[in-house]
Amino acid sequence: MKACVIGLSQQEYQTLIPVLHFLEVDWSYEFDISDILIAGADIPINDLSKAGIPFISLCDLPLNYDNELGWSRPLPWKQADIVPIFNKVLESGKMPRQAGVNLNLHVRHLESLLIRQALVASKGVVSQAAQMLQIQRTTLIEKMRRYHIDKSEY
């Protein structure tokens, strides 16, 4: 099984990736070659339902969101909750994809990755990261809030 992970916070990333390794799920940031999409809690579930492939959202909804194409499962995952989802995706084979691509989903993911890379390169100095990204410092701060990126993690 191949999973595409998008929009993860640093904490979600540090929690999720070891679980995927334990479950022997290959993961990448490549949407086109994935069997399932795993999205951070900040990605709206409505955007994920337009992706055209099965997805798991890490958002914490009052009741677990379950339908034939998507599920909501906040971290930490229990093996008994998550393995049936992966099995359902595997048994169904490649579910038919929609003809279109959700551009907003991809842009948010890419923007979040670029911000994180700039913060790593600048060792958490926001003004330097903004210069690297060629945007205003205040714009970067606004985007960091939107994606729940904490400069102290870098």
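Any value given below was found using the heavy atoms of this structure, including those in side chains, with hydrogens, waters and symmetry copies removed.
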Taking all non-hydrogen atoms of both residues into account, name the closest pair between [X] and [Y] and its distance.
X	Y	value
Val89	Pro54	CG2-CB, 3.8 Å
Pro18	Tyr13	CD-O, 4.2 Å
Cys4	Ser34	CB-OG, 3.1 Å
Ile141	Val126	CG1-CG1, 3.9 Å
Leu114	Leu133	O-CD2, 3.8 Å
Ala129	Leu119	CB-CD2, 3.9 Å

message = Taking side chain to side chain donor-acceptor pair (under 3.5 Å) as the definition, give me every residue that meets it alongside Ser112, ordered by chain and number, with sequence neighbours left out.
response = Arg116
With sequence neighbours excluded, residues passing side chain to side chain donor-acceptor pair (under 3.5 Å) with Thr138 =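 Checked Thr138 against side chain to side chain donor-acceptor pair (under 3.5 Å); zero matches.
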Please identify each residue that fulfils side chain to side chain contact (heavy atoms under 4.5 Å, CB included) with [X], with sequence neighbours left out.
X	value
Gln134	none
Leu113	Tyr29, His109
Ala39	Ile6, Ile43, Leu48
Glu30	Ser28, Ile33

query = Within the distance-only criterion (no hydrogens, no angle test), does the side chain of Asp35 pair as donor or acceptor with the backbone N or O of Lys2 below 3.5 angstrom?
reply =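 The answer is yes, because a donor-acceptor pair under 3.5 Å joins these two groups.
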Donor-acceptor under 3.5 Å (Thr139 side chain, Ile135 main chain) =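 Looks like no, no N/O pair under 3.5 Å.
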Contact check, side chains of [X] and [Y], non-hydrogen atoms, under 4.5 Å:
X	Y	answer
Glu12	Pro74	no
Phe86	Ile36	yes
Ile38	Trp27	no
Glu111	Arg146	yes
Leu20	Val5	yes

Rounded to the nearest 0.5 Å, what separates atom [atom1] in [X] from atom [atom2] in [Y]?
X	Y	atom1	atom2	value
Leu16	Gln11	CG	CD	12.0 Å
Gln131	Gln128	CD	CD	7.0 Å
Leu58	Leu75	CG	CG	4.5 Å
Trp71	Ile85	CH2	CD1	6.0 Å

message = Do Met132 and Val125 sit in one hydrophobic cluster, given that two such residues count as connected whenever their side-chain heavy atoms are within less than 4.5 Å of each other, even indirectly?
response = no
query = Is it true that atom CD of Gln10 has more than 12 heavy atoms of other residues, nucleotides or ligands lying nearer than 6.0 Å?
reply =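 Atom CD in Gln10 is crowded, with more than 12 foreign heavy atoms closer than 6.0 Å.
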Arg137 atom CZ: more than 12 heavy-atom contacts under 6.0 Å = no
inquiry  = Working note: Ile56 + Ile82, criterion side-chain contact (heavy atoms from CB on, under 4.5 Å); need CA distance, chi angles, decisive distance, verdict.
reply    = CA-CA 9 Å; Ile56 299 173; Ile82 208 67; 3.7 Å; yes
